[in-house]
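Contents: one structure, followed by commentary.
Chain letters run A, B, ... following the sequence lines, proteins first, then strands; residues in each count from 1. These numbers come from a predicted model, not from an experiment.
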Protein chains: 2
Amino acid sequence: MVSNMQRSVSNFRLKAACSNCNLRELCLPIGLSIDEMQQMDDLSRLKRGYARGDYLYRSGDKFQSLYAIHSGSFKTQALHEDGREQVTGFQMHGEIIGLDAICTDHHTCEAVALENSEVCELPFNKLETLSRKFPSLQRHLHKIMSREIVRDQGIMLLLGSMRAEERLAVFLLSLSQRFAARGLSPTQFQLRMSRQEIGSYLGLKLETVSRSFSNFQDNGLINVKARSVELLDLPSLHSLVGKQL
Amino acid sequence: MVSNMQRSVSNFRLKAACSNCNLRELCLPIGLSIDEMQQMDDLSRLKRGYARGDYLYRSGDKFQSLYAIHSGSFKTQALHEDGREQVTGFQMHGEIIGLDAICTDHHTCEAVALENSEVCELPFNKLETLSRKFPSLQRHLHKIMSREIVRDQGIMLLLGSMRAEERLAVFLLSLSQRFAARGLSPTQFQLRMSRQEIGSYLGLKLETVSRSFSNFQDNGLINVKARSVELLDLPSLHSLVGKQL
DNA sequence: CATGGATTTTGACATATATCAAACCGGTTA
DNA sequence: TAACCGGTTTGATATATGTCAAAATCCATG
């Protein structure tokens with residue numbers, strides 16, 4: 001085990017090492033030595049920018065790397081054979097995407113920038129090599145993958161058993177929480193995605209999303225005007241979730 | 001790289017080593033030496049039996065191990081705060097469950113035996129230790145987790161954009177394929193779960209599941225009587241999926 | 001600042017699925 | 001065999017969300 005002292009020191013250094021690529025997800029909870037840090041640092045030299053609408057990867061692309069979002073945000077969407085597509089997630093600063101591609105060596109969905117964004121490329125081979133050397137990194141990688149599974153199961157629950165307004169409330173509260181975790185306002189933010197994209201993610205048509213927004217506004221729960229949202233009554237939004245029927 | 005010769009030898013030995021616990025998922029694609037085999041073999045000594053209705057683990061349980069299903073089948077279900085529960089998957093022989101627990105060190109869903117079943121317990125610490133030593137095992141573990149993510153995204157697609165009969169068709173075809181992969185009939189099988197459980201998994205009420213079954217039967221696509229199912233027209237079932245509207 | 005295209009909102013109406021209720025069935029127990 | 005019980009099927013009706021269409025608004029660009 002690493003002592004507390006050691007850990008806090010290495011966490012400090014970690015921040016420095018990751019400063020060229022703020023790997024919140026990947027870095028924060030790990031306690032590494034300075035030498036280890038050095039190697040971690042080599043992992044993700046490549047930072048690349050993407051303009052709104054650019055593809056980070058497309059379905060079918062050969063899998064090489066995971067991507068840590070450094071700034072901006074993305075959506076991932078799965079494509080069905082019959083042409084249907086569905087948004088499977090919205091990712092923002094500090095989150096890792098590309099995990100779906102490991103199992104087939106090819107990406108099974110596509111990732112599109114919702115705004116101008118930067119990502120760090122994490123070559124998966126290197127990541128595996130390093131994580132064989134550093135148990136804490138190994139465990140952390142496993143946790144990231146597991147968290148993605150849990151997240152997906154939460155969405156399955158949402159899609160399988162919630163009504164439109166519950167889904168939207170869950171969506172807004174999740175955004176709120178994620179903004180808060182990044183030091184941004186939990187109650188006032190700009191949506192980076194269209195009604196259509198929200199609907200696709202929540203299993204609803206855009207008109208239903210729009211109506212639900214309007215209802216929330218009429219009931220004093222939120223202020224919404226196009227893509228700018230203000231959450232006025234978080235407790236009520238919370239309590240709205242789970243009111244079946 | 002391991003030569004083909006080597007790989008086929010080690011795969012042979014692998015079968016022997018895993019004979020006390022048929023780890024289809026975990027073992028098959030790995031090429032290991034005899035010594036490595038020995039260590040793998042030590043991994044999963046514990047095989048335990050569960051009767052229909054028994055819990056393999058419950059939500060909140062401390063995470064210790066993954067479980068490889070050796071015989072029988074299970075359902076996993078997530079519990080919502082408000083008491084709602086939703087089936088998130090049905091697992092059968094050779095599949096691994098428990099991946100959701102890695103990220104929080106506690107199980108976030110529960111696993112219940114659908115019939116009398118046996119599982120091999122895979123202590124996760126040991127699995128991590130071994131996978132640091134054996135890159136092929138490491139990669140395989142990553143693939144298993146990634147496959148779970150892809151599977152979940154498939155269900156999100158189903159829940160988010162398919163109509164009742166499409167969902168049921170996908171469900172039946174998936175079962176069919178999995179039975180086939182295990183050397184069982186892809187067209188004739190017994191369901192191990194109730195209409196209620198199928199409905200929960202597919203985001204439908206049991207009556208809707210029942211009606212969809214009946215419609216399929218009326219259209220000559222299947223024969224169904226209670227829990228025994230015969231798929232009569234696989235092509236039509238396939239083509240049914242993706243007919244939006 | 002004006003224009004035009006995309007996005008969003010709102011309305012009227014259609015429909016798939018949920019809900020409620022009753023009948024049916026198969027297996028188990030008395 | 002009869003009675004019973006959980007699970008399943010089927011029917012009648014209600015409702016949430018989808019569909020189609022028009023109006024309103026936003027935003028980028030000239």
Could you check whether A:L204 gets within reach of a base, just the sugar-phosphate, or nothing at all, counting any heavy atom under 4.0 Å? sugar-phosphate

Would you mind classifying the nucleic acid contact of A:S214 as base, sugar-phosphate or nothing, using non-hydrogen atoms under 4.0 angstrom? sugar-phosphate

Rounded to the nearest angstrom, tell me the gap between atom CZ in B:R163 and atom C1' in C:dT17. 11 Å

Using a 6.0 Å distance limit plus a 45 degree cone around the ring axis, check whether B:R182 lies over the aromatic ring of B:F179. no

Of the listed nucleotides (C:dA21, D:dT19, C:dT17), which one gets closest to any side-chain atom of B:A164? C:dT17

Restricting to salt bridge (Lys or Arg N to Asp or Glu O under 4.0 Å), what partner residues turn up for A:R227, sequence neighbours left out? none

The side chain of A:A226 is closest to which nucleotide in this list: D:dT17, C:dT10, D:dC26? D:dC26

Tell me the interatomic distance from B:L168, atom CG, to C:dT17, atom C1', rounded to whole angstroms. 14 Å

Figure out the CG/P separation between B:L206 and C:dA21, and round it to whole Å. 15 Å

Without decimals, in angstroms, what is the distance between A:R52 CZ and D:dC27 P? 11 Å

Side-chain atoms of B:K225 come closest, of C:dG26, C:dT9, D:dT8, to C:dG26

Checking A:E95, A:M193, A:R192 against A:F90 for side-chain contact (heavy atoms from CB on, under 4.5 Å), the one that qualifies is A:M193

Separation of C:dT9 P from A:E207 CD (nearest whole Å): 11 Å

Among D:dG18, D:dT8, C:dT17, the nucleotide that comes nearest once only the side chain of B:R227 is considered: D:dT8

Nearest 0.5 Å please: distance from the NZ atom of A:K205 over to the OG atom of A:S210. 15.0 Å

Can you check the A:E165 CD to D:dA16 P distance for me, whole Å? 10 Å

Integer-rounded Å distance: D:dG7 C1' and B:F213 CZ: 13 Å

salt_bridge(A:E118, A:R48) N-O dist < 4.0 Å: no

Closest-nucleotide 5' rank along DNA chain D - winner of B:S210 and A:Q190: B:S210

What is the nucleic acid contact for A:S194, judged by heavy atoms within less than 4.0 Å: base, sugar-phosphate only, or nothing? sugar-phosphate

A:K205 side-chain proximity, nearest of D:dT9, D:dC26, D:dT19: D:dT19

How long is the line joining CD1 of B:I198 and P of D:dT9, in whole Å? 9 Å

Considering every strand and a 4.0 Å limit on heavy-atom distances, what is the contact class for B:R211: base, sugar-phosphate, or nothing? base

Can you figure out which of D:dC20, C:dT9, D:dG18 approaches the side chain of A:T208 most closely? D:dG18

For A:G203, report the nucleic acid contact type (base, sugar-phosphate, nothing); a contact means any heavy atom under 4.0 Å. sugar-phosphate

